Amino acid sequence: MRSRCVPLREMSDVRSRITPALRAALDAIGAADVDAVIEPSARADFGDWSTPVAMQCARVLRRPPLEIAGGLRDRLEGTRIDVVRQWTVSPPGYVNAWLDDGVWARTVLDEATRLDVSRPVDVPPGVAIDGKTLVEHTATNPNKAAHVGHLRNACIGDTVARVLRRTGQRVEVDNYIDDTGVQVADVVVGIRELGIVPIEGERFDVYCSRVYVDVSRRYDEEPELVQRRQAVLHAIEAGDNETATYVKDVARRVVDEHLATMRRFDIGYDLLTWESDIIGLGFLQKALELLRESGAILYAEHGKHAGCWVMPPEGVDRDTDDDETKVLVKSDGIATYTAKDIAYQLWKFGLLGLDFHYHPWHADAPDGPVSTAAHRHDDEVPARFGTAQRVVNVIDARQAYPQQVVKRALSRLGHEREAESSIHLAYEVVALTPAAASVLGIDVEVGRDVYALSGRKGIEVLADDLLIRSVDRVREKARDEATAHLLAAGAIRYYLLKFSLTQIIAFDFDEALRVTGDTGVYLQYAHARAAGILRKVPDDDAPLVVPDALDPVERALLHRVDAYAHALAETATSLSPSTLTTYAFSLASALSDFYEHTPPIVRELDPVVRRFRRRLVAAVRVVLADALHTLGIAAPDRV
RNA sequence: GCCCCCGUAGCUCAGUGGAUAGAGCGGCCGCCUUCUAAGCGGUUGGUCGUGGGUUCGAUUCCUACCGGGGGCGCCA
């Protein structure tokens, strides 16, 4: 059965109702080359929607913009558009549409109220792709507790997945686990060789963090310790031995803690992909074969890469003998991390001709993630993963170069479309402000404004520690512990999402934990306020009548509601969650403004006004809840 | 050296080829007999890093600089 979708762009679809008329008017005055763009007016007293096209026409038509605007207005006045009441002109040459509130407000409220989580929000053509998008995120090394940097990654990835699903797209979320790298090996060295033991009651991932810091420090003092790590790595490489099993067990236990941490922020996964399986099942070998056969990589006979398999830069088919050429297999025969990433990427698109075995990560948690496996399990899950049409890798901006190499590998293998559909969703890191650094007891130098996080050095804010602090902050005013938790998690998620991806987050405790102003809690509070009004004011069955003169705060609020579908489509296109946080804040803010500047609806005696405002609040609540849910933030009815 | 990102109010950040550049925080002054004051209003505060260029119009695009961060490994 095909479900009905909510109309696109604005909830009321104002823009696409106006654009054809504007297009026709432009054609009629001989300005066919000018784009028929129309945008929300910059200020309410200009109108509702405005177009600057007359300014562009002035050059080609060699007439003053105001005169052209006047002509356009006359033509538009002659076109009946039910949602537009009148057209005006304002200097230096804008043409403004004034909406008919009766038609517009009714449409906006109808469409907003019809929003339903079980039905996707329709978006303009080109926003949603056909087929599945595979989103890889989190991918925290399984040797330490997750810190806010890992949490930023997870929040971005999770939100992008939610936005794509909300716009009707199929999504698979993978969490890649590097259980064969040096980082896990370091921890195993610390536990087994140095005998570092857990503290009473210490969580396993936190214990591993401590071991990791300790071992890293001791490598400097005792260089021979590095040999121990090599032994562990060789054991992992060989597989099927006691050490390899032990390493895998450490990784599993840490991953369980990571999943629990992320769960507290409402972040989940479809599939856990293990690097050991990628190697164990021969994905890497197969990928290297393909790369060799196709000539995508070549063997360097001499020069600085002698004995290595390398991938030359774009458009070159020989070793350039410099850093432009990427080594994929070292001269000792060991593949680099990027080579494994290429194998994984090929699998994601179904280009490898190999697949994993699958089984539930926890037999007793059917809703939990599925895990890859190298061998058949009794509770084998059928293969339904990978084979995506688009791959979004949420990885910090420092890895732009290796990600570029992965993309280039696909391209050199002749998979142009897949290379094109390989998206490195790069985001900047989380760093500490001097204030946050000094809270953590780090020596703050004069003139430095950010301090990089480092799990290795123990310079970090653990995700769970931050959550505990946040719960402490909101507990006093929250109605109960469960509410305190969802407000606390909302505060942190919002904080990590509200920055542009290109912006380094200068982490600050006060900012991250704040509950007033531009924060997650503000949005949740606004939602609860709306819900509170709806509880107190019963609705009736009477048909909606839009009052003759809407209050400016009502119109402003309607505009924000109207803009939801547009904001969602924009976010789905840009894959940038901050677009949606900015929108959600503007909506909550408009609701607060309305709340403060209109009398209580409960006491409203005019039935028309009372019903209209009640339904306006109902629409806002639905849209705010939808936006919050898409951001992965709970929308409580009471706080 | 080459490449990428950032530079907008005291601080943290939005914005983006169009009309007087916005928000939050901070400061100051107000608003709870009103549907939750985790709120709202007012006020303070800006040569949109600098110089050129393109354009009817540039904070936005191009270019050259300046300042800060990151990448450029037979690490992951």
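Lettering follows sequence order; numbering is per chain, from 1. The shown structure was predicted, so the numbers you read here are calculated from the model rather than taken from an experiment.
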* Asked: If you check the A/Lys330 side chain, which of B/C75, B/G71, B/A38 turns out closest?
  -> B/C75

* Is there side-chain contact between A/Thr433 and A/Tyr451, with heavy atoms separated by less than 4.5 Å? -> no

* Asked: Any idea which of B/C35, B/A14, B/A19 is nearest the A/Ser41 side chain?
  -> B/A19

* Structure fact -> Separation of B/A23 atom C1' from A/Leu587 atom CG, nearest Å, is 15 Å

* To do: Would you mind telling me which of B/C35, B/A38, B/A76 lies closest to the side-chain atoms of A/Lys477?
  => B/A38

* Sugar-phosphate, base or nothing in reach of A/Ala306, heavy atoms under 4.0 Å -> base

* Structure fact -> Of the listed B/G24, B/C35, B/A14, the closest approach to the A/Arg514 side chain comes from B/G24

* Asked: Hey, is the side chain of A/Gln503 poking within less than 4.0 Å of OP1 or OP2 on B/G69, counting only N and O atoms?
  -> no

* Asked: Does A/Arg152 make a cation-pi contact with A/Tyr427 (under 6.0 Å, within 45 degrees of the axis)?
  -> no

* Nearest whole angstrom, please: distance from the P of B/A76 to the CD of A/Glu275. => 9 Å

* Have a look at A/Asp593 and say if it touches a base, only the backbone sugar-phosphate, or nothing, with a 4.0 Å heavy-atom cut-off. => sugar-phosphate

* Determine whether any donor atom in the side chain of A/Ser90 lies under 3.5 Å from an acceptor atom in the base of B/A19, or the reverse, and answer yes or no. => yes

* Rounded to whole angstroms, how far apart are CZ on A/Arg529 and C1' on B/C32? -> 11 Å

* Under 3.5 Å, is there a donor-acceptor pair linking the side chains of A/Thr579 and A/Glu570? -> no

* Asked: If we ignore angles and hydrogens, is there a donor and acceptor under 3.5 Å between the side chains of A/Asp178 and A/Gln183?
  -> no

* **B/A23 pairs with, by Watson-Crick or G-U criteria that keep both distances under 3.5 Å** => B/U12

* Between P of B/C72 and NZ of A/Lys304, the distance in whole Å -> 12 Å

* What is the nucleic acid contact for A/Ala478, judged by heavy atoms within less than 4.0 Å: base, sugar-phosphate only, or nothing? -> base

* Near-parallel close stack of A/Phe585 and B/A23 base (under 5.5 Å, under 30°) -> no

* Report which part of the nucleic acid A/Val515 touches: base, sugar-phosphate, or nothing (heavy-atom distance under 4.0 Å, all strands). => base

* N/O (side chain, A/Tyr522) to phosphate O (OP1/OP2, B/C40) under 4.0 Å -> yes

* To do: Side-chain contact test, heavy atoms from C-beta onward, threshold under 4.5 Å: evaluate it for A/Val254 versus A/His258 and give yes or no.
  => yes

* Searching all strands shown, indicate the nucleotide that pairs with B/U63 (Watson-Crick or G-U wobble; both distances under 3.5 Å). => B/G51

* For A/Ile504, answer base if it contacts any base atom (sugar-phosphate contacts may also be present), sugar-phosphate if it contacts only those atoms, and nothing otherwise; contact means non-hydrogen atoms under 4.0 Å. => sugar-phosphate

* Structure fact -> Rounded to whole Å, the CZ-P distance (A/Arg613 to B/U34) equals 19 Å

* With heavy atoms under 4.0 Å as the rule, sort A/Thr336 into base, sugar-phosphate or nothing. => sugar-phosphate

* How close or far is atom C1' of B/G24 from atom CG of A/Asp518, stated in whole angstroms? -> 5 Å

* Asked: Is any side-chain heavy atom of A/Phe509 less than 4.5 Å from a side-chain heavy atom of A/Leu466?
  -> yes

* Structure fact -> note: A/Trp309, atom CH2; B/C74, atom P; distance rounded to Å ~ 17 Å

* **Nucleotide of B/U12, B/U34, B/A38 approaching A/Pro600 most closely (side-chain heavy atoms)** => B/U34

* Minimum-distance nucleotide (side-chain atoms of A/His597 versus B/G39, B/A76, B/G41) -> B/G41

* Asked: In whole angstrom, what separates A/Leu453's CG from B/G70's P?
  -> 13 Å

* Which is true for A/Ala526 with a 4.0 Å heavy-atom rule: it touches a base, it touches only sugar-phosphate, or it touches nothing? -> nothing

* **Under 4.0 angstrom between A/Thr502 side-chain N/O and B/C6 OP1 or OP2** => yes

